[in-house]
Amino acid sequence: MKKIIAILLCITVVAASFAACKSNKNGDKEGNTAGLEDAVNEYGFESVEVTDKDGKAVTDKNGEKVTEQVAVIYEKDKNGKTIAKLLDEEGNVVKDKNGKEVTIKTDYDLDDSGKEVTKKEKTTEEKIPTTKEQKTTESTTQKQDGKEETTESEITTLDYKKDKVPTISEAKNSKSKKAVAFDSQDQQIVKAMLEVPYLYTYSYENKNGVPTALATHAALWMAEREGLNTSTYASGTIVLDLFKFFGQTVVNFKSKCNDEGKNDKIKYNKKNDTFTITDFENHKQTVTIKKIEYIGNNNYYLVTADVKDAGDKTSVLTIIQKNKLDIGLGFSIKALKWS
């Protein structure tokens, strides 16, 4: 299935737990877990060795080779084998000097149903020149004495096999969480993401996947950010925007959007694989951030906020992840609980 992507996607260090999902033959219901084993013709991340400008492998202080996560699109080749094609910062498939599309070998081969059939050592078709320097906004951890301590400014993430997004309850009850202070720009970004119109209509846990109806509101907001003078959007634009906003694929969004999206402003057109957006949504709820706490593992934070103009909802707890899926946002919303 052809993917046309017209938006930015940073291909540097990102949590690979975001590996994307494919459609299930039995018809995925809201709540199915997103994982690499389901990733076919969708977006995800794979590890590659970091090399310097001379093509030599970069090593850490222990002499171990440094790896990074790069963005890929999962497709099937002519033999029906799932392959991962490297994406550049604009979401286009990278080509080598001979014009051949660059592919990244994955941990798994998948059969037609998306099940793992073999497992092999991860290698790469080609070493990708990258840099360890990441421009990120520093956060600070709050000490007991009230003084602030600056954290590492470089984003480091876990391999998807080791990553686990905590539940809201786990984050709330964690004894190891630490209060942090985001700068005003980052706070404004998080606030804006939580103020996506009607986002308050659904809560979700990351392990259960993103409800289609919730995703429609995020899709409209992300599409509006594109600033494109059109009402017709390439399917890849919308799907990838959702991937960045939630840090995971919204499973079967195209097939579910019209029937389960509960939003007449966005519709999927199967005939030409596009989305039509007739209008965007006006600002609804207002969020005031009260507290942000670092909960570790993979750049996860628990945000506590008050809410106004959201029906009977007056507060929200959300787990966000600091990442580079969208360089304009720098975060993804991993779980929500409105009350």
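We use all heavy atoms of the structure for the numbers below, so side chains are in, but hydrogens, waters and symmetry mates are not.
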Shortest non-hydrogen contact from [X] to [Y]?
X: Asp241; Y: Met222; answer: O-CE, 3.3 Å
X: Val307; Y: Ala310; answer: CG1-CB, 3.5 Å
X: Leu336; Y: Ser203; answer: O-CB, 3.2 Å
X: Tyr200; Y: Asp309; answer: CE2-O, 4.2 Å
X: Ala219; Y: Ile266; answer: CB-CD1, 4.0 Å
X: Ile277; Y: Ala223; answer: CD1-CB, 3.5 Å

field: Worked verdict on Phe182 versus Tyr294 for ring-ring contact (aromatic ring centres under 6.0 Å, His included)
entry: CA-CA 11 Å; Phe182 282 180; Tyr294 177 66; 9.7 Å; no
Tell me, do [X] and [Y] make a side-chain contact under 4.5 Å, heavy atoms counted?
X: Val102; Y: Lys95; answer: no
X: Ile320; Y: Met193; answer: no
X: Leu199; Y: Ile333; answer: yes
X: Lys254; Y: Val239; answer: yes
X: Gln248; Y: Val165; answer: no
X: Ile289; Y: Val303; answer: yes
X: Ile168; Y: Glu205; answer: yes
X: Val180; Y: Glu293; answer: no

message: If the test is salt bridge (charged side-chain N to carboxylate O under 4.0 Å, His left out), which one of Lys337, Lys207, Lys164 qualifies with Glu170?
response: Lys164
Can you tell me how far apart [atom1] ([X]) and [atom2] ([Y]) are? Round to the nearest 0.5 Å.
X: Ile295; Y: Asn299; atom1: CD1; atom2: CG; result: 10.5 Å
X: Asn252; Y: Thr212; atom1: CG; atom2: OG1; result: 8.0 Å
X: Thr103; Y: Glu75; atom1: OG1; atom2: CD; result: 11.0 Å
X: Ser255; Y: Glu260; atom1: OG; atom2: CD; result: 8.0 Å
X: Ile83; Y: Lys78; atom1: CD1; atom2: NZ; result: 11.0 Å
X: Thr276; Y: Lys267; atom1: OG1; atom2: NZ; result: 10.5 Å

Looking only at the side chains, is there a donor atom on one of [X] and [Y] sitting less than 3.5 Å from an acceptor on the other?
X: Asp306; Y: Ser315; result: no
X: Asn269; Y: Thr274; result: yes
X: Ser176; Y: Ser174; result: yes

- request: Might you work through the side chain to side chain contact (heavy atoms under 4.5 Å, CB included) test for Arg225 and Asp326, ending with a clear yes or no?
  value: CA-CA 11 Å; Arg225 290 176 67 249; Asp326 185 307; 3.3 Å; yes
query: Can you list the steps and then say if Tyr301 with Val190 is a side chain to side chain contact (heavy atoms under 4.5 Å, CB included)?
result: CA-CA 11 Å; Tyr301 297 84; Val190 174; over 6 Å; no
- prompt: Relative to the ring of Tyr268, is the ring of Phe275 parallel (under 30°), tilted (30 to 60°) or perpendicular (over 60°)?
  reply: tilted
task: May I ask you to decide if the ring planes of Phe280 and Tyr233 are parallel, tilted or perpendicular, using 30° and 60° as cut-offs?
output: perpendicular
Do [X] side-chain atoms and [Y] backbone N/O form a donor-acceptor pair below 3.5 Å?
X: Ser231; Y: Thr278; result: no
X: Ser332; Y: Lys244; result: yes
X: Trp338; Y: Tyr202; result: yes
X: Asn79; Y: Lys81; result: no
X: Gln285; Y: Thr314; result: no
X: Asn98; Y: Lys100; result: no
X: Lys334; Y: Tyr300; result: no

- prompt: Yes or no on side chain to side chain contact (heavy atoms under 4.5 Å, CB included) for Ile189 and Asp186, after CA distance, side-chain angles and deciding distance?
  reply: CA-CA 5 Å; Ile189 289 172; Asp186 276 0; 4.2 Å; yes
message: More than 12 heavy atoms of other residues, nucleotides or ligands under 6.0 Å from OH of Tyr198: yes or no?
response: no
query: Does Lys172 NZ have over 12 foreign heavy atoms under 6.0 Å away?
result: no
- request: Go through the steps for His283 and Glu195 under the test side chain to side chain contact (heavy atoms under 4.5 Å, CB included), then give the verdict.
  value: CA-CA 7 Å; His283 180 268; Glu195 289 183 351; 3.4 Å; yes
field: Carboxylate-amine/guanidinium proximity below 4.0 Å for Lys85 and Glu101
entry: yes
message: Quick check on side-chain hydrogen bond (donor to acceptor under 3.5 Å, both in side chains): which of Glu281, Lys265, Lys262 does His217 satisfy it with?
response: Glu281
